[in-house]
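Written below as structure tokens is the structure these notes are about.
Remember, predicted model here, so these are calculated numbers, not experimental data. Chain letters run A, B, ... following the sequence lines, proteins first and then strands; every chain starts at 1.
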There are 2 protein chains.
Amino acid sequence: MKKILIHDIAKHLDVSIATVSLVLNGKAKEKRISDALAERVLKHVAEVGYKPNQLAKSLRTGKTHVIGLMVEDIANAFFAKIAALIEKKALARGYRIIYCSTNNDVARTRDLLAMFQEQHVDGYALALPPGVEAEARALVRGGKPVVLFDRLLPDVLADAVVVDGQTGMYEATRHLLAQGFSSIALITLHSAQTQLLARRRGYAQALHERNLPELVQELSFQQEPEQLVQDITDFVRAHPLCDAMLFATNYLGANGLEALARLGRQIPQHMAVVAFDDSDLFRLYAPPITVIAQPMELMAESVINTLLAGLEGAGKPGRVTQTQLAPQLLVRQSSIRPVDSGLGC
Amino acid sequence: MKKILIHDIAKHLDVSIATVSLVLNGKAKEKRISDALAERVLKHVAEVGYKPNQLAKSLRTGKTHVIGLMVEDIANAFFAKIAALIEKKALARGYRIIYCSTNNDVARTRDLLAMFQEQHVDGYALALPPGVEAEARALVRGGKPVVLFDRLLPDVLADAVVVDGQTGMYEATRHLLAQGFSSIALITLHSAQTQLLARRRGYAQALHERNLPELVQELSFQQEPEQLVQDITDFVRAHPLCDAMLFATNYLGANGLEALARLGRQIPQHMAVVAFDDSDLFRLYAPPITVIAQPMELMAESVINTLLAGLEGAGKPGRVTQTQLAPQLLVRQSSIRPVDSGLGC
DNA sequence: AAATATGGCTAAAATGTTTAAGCATTTTTG
DNA sequence: CAAAAATGCTTAAACATTTTAGCCATATTT
């Protein structure tokens, strides 16, 4: 029952601790341990089920094989999904994940970043709120691999994986225009998060091309869902001519659906709806909601690849890898202009 | 830029390393370090921002302040939510979370448990699939706090936090009966997970009280969503008299909604629906879906409290704490029998 | 005056690894 | 044939802490 140490292995085989360690770390060849001995070591280690103490190992080598993953909110379907994918892929490559939710709180994020450092994570996968640029820069300077994802930070030069929300939103807006909707609103947050700004630019671009006025509602940040529903309700009431809404995030979309339901507005007859991010809710809703879907698998894959490139090819090429992925517009019923049958019912 | 060590602090203050360590660990009084010196140490430590190396600390003390959290699938709304809550509460009490998704895969779960041990987590919060009883028992014997949640494992005596799914499902079934639905099906998984069995017992109990036959469909486990939809579709087609469905989990419910939508069955006119677990989808669906909601906050709180009780009150009282929480039936439109107006449209 | 207690600190062991450097011996090389 | 290289290991330092046992001077008690 007593925990077994490398020392016990060495003693039992009557060799030095170093020999056992070298064999176990695959340096037998390199360090010229005879094949016969190497085999004996491996055999006995397997027999007694010896597992090196990772803490001691990490202390000595400075590597923990742990990746720090920071998301906005793990309870959000988008982040939960991306976390699941990143975890799976990281595990497959021998890394563990330690995660935190920032809730877009700057002070909290700072604490969490410090915590990751204290835990000596080998690499960072971060979706950060604006306001921690200095810390992020310091982290990058620290030399360990850092990959920003979902959103960038202004003036922080780091590896990154983002989705081209501008094009995504541009195409969604063009789609609504093509369907003949004339007063298209964008519901977004009052926030400097880069992905939100990009989405907004895409929206603006599409409208400007047609010389149409923007109709943007910025909801204030970090509110209770109930308050968001209320704000969206107010917005809809205040803009009776508005016939289509774009939601900049999935939870704005969810709350938007709630607001429209409470107002008794039919989708898409009274109001067309498009949301960013796909989810069960949007897919299964009646009517199904048109979304700008992010390529989750690809994002996760890119994050891990970029991170591991930094970890394994430790030879700092000084180059920054910024990956931009294309989202996909999934047109569903919520944004299809109903043929005006003239029939009521 | 060089990492600062306890040695540097000691040198600068011209005291021993031991003194600094004792002060930093709040043992100044106990070990009779003078208040004046203790203050000097604290001051200088704060000034230079010294943070002890957690790896070295953990190696020496055997405590990592990390909790291993194992869920079925972090991408599932229920587990994502519970993870978010547990993370928040753990962090507030000085513990970090390292998590994994088992995907109900026994071999994978075994690996992950081994991984947690290698990482020297201080405590375990586990939602385990059946099949790892031996490993779970070994873990409990290992002496570190283990809390099972969401589901138990047969013959594993450990602290646990579960929801009384039997009563929950019993009441849901009674509610459907009271509404006048006569052929009520339970859609569940072919699995020995204890929470699923409890839910099934609740369903059976309610029907037996009325001498009604059970109508249980066990779907096979670990399938693609598309296959689940297909299976549910087949079930509905095969049971034309069935007028109400209970779904034993949230994702069965989601796939059930999809199946009913594809079949063009109206809820609740053609089919009443009740699902286990609340979610945005069920709340916002049209019509809103009646659910048996689990008390998420309470669950997370209980898990953390039980875990920390084991961690802090290290004095093994040998007692096992099993907490059972009451779920809540949230009646929404999907299970209300429509008044038969006799009017078509 | 001797014994004991106390206050205030430190030396050093312990935690469990990895790995650079070293050390006999044997083999190869010019 | 001497020097160099290879062979097959081991010794011991290093990683950064915590904590036990103990030291020394002074104060108090007997």
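Atom NZ in B:Lys31 sits about 7 Å away from atom C1' in D:dT19, given to the nearest Å. Here D:dT26 presents its P atom at 17 Å from CZ of B:Arg32, a figure rounded to the nearest Å. Rounded to whole Å, atom P of D:dT10 lies 13 Å from atom NE2 of A:His7. For the pair A:Asn53 CG and D:dC15 P, the computed distance is 18 Å after rounding to whole Å. Whole-Å rounding puts the A:Lys29 NZ to D:dT7 P distance at 12 Å. Here D:dT19 presents its P atom at 11 Å from CD1 of B:Ile6, a figure rounded to the nearest Å. In this structure, NZ of B:Lys3 is placed 11 Å from C1' of D:dA16, rounded to the nearest angstrom.
Note on A:Lys43 versus A:Glu47: salt bridge recorded, some NZ/NE/NH1/NH2 to OD/OE distance being below 4.0 Å.
Distances shown here put every side-chain N or O of B:Lys27 at or beyond 4.0 Å from the OP1 or OP2 atom of D:dT18. Look at B:Tyr50 and you'll find a side-chain N or O under 4.0 angstrom from OP1 or OP2 of D:dT17.
As judged by a 4.0 angstrom heavy-atom cut-off over every strand, B:Thr61 is placed among residues touching the sugar-phosphate backbone only. Contacts of A:Ile17 with the nucleic acid, taken as non-hydrogen atoms under 4.0 Å apart, include base atoms. Heavy atoms of A:Ser21 sit under 4.0 angstrom from at least one base atom.
Under the 4.5 Å side-chain criterion, counting only non-hydrogen atoms from C-beta, B:Leu325 is in contact with B:Val161. Put simply, the side chain of B:Thr194 reaches to within 4.5 Å of the side chain of B:Pro154, judged on heavy atoms. Within the 4.5 Å cutoff, side-chain heavy atoms of B:Ile98 are placed close to those of B:Gln119.
In this structure, of D:dT17, D:dA16, D:dT10, it is D:dT10 that holds the atom nearest to the side chain of A:Leu22.
Ring orientation note: the planes of A:His12 and A:His44 are close to parallel, at an angle under 30° on the 30°/60° scale.
You can see that DNA chain C meets the heavy atoms of chain B within a 4.0 Å-exclusive cut from C:dG7 to C:dG16, reading 5' to 3'.
Remark: A:Lys81 NZ is loosely packed, at most 12 non-hydrogen atoms of other residues, nucleotides or ligands lying under 6.0 Å away. The number of heavy-atom neighbours closer than 6.0 Å to CD of B:Glu39, taken from other residues, nucleotides and ligands shown, is 12 or below.
Comparing B:Leu59 and B:Ile33 against DNA chain C, the residue whose closest nucleotide sits nearer the 5' end is B:Ile33. Between A:Asp35 and B:Asn25, the residue anchored nearer the 5' end of DNA chain D, judged by the nucleotide with its closest heavy atom, is A:Asp35.
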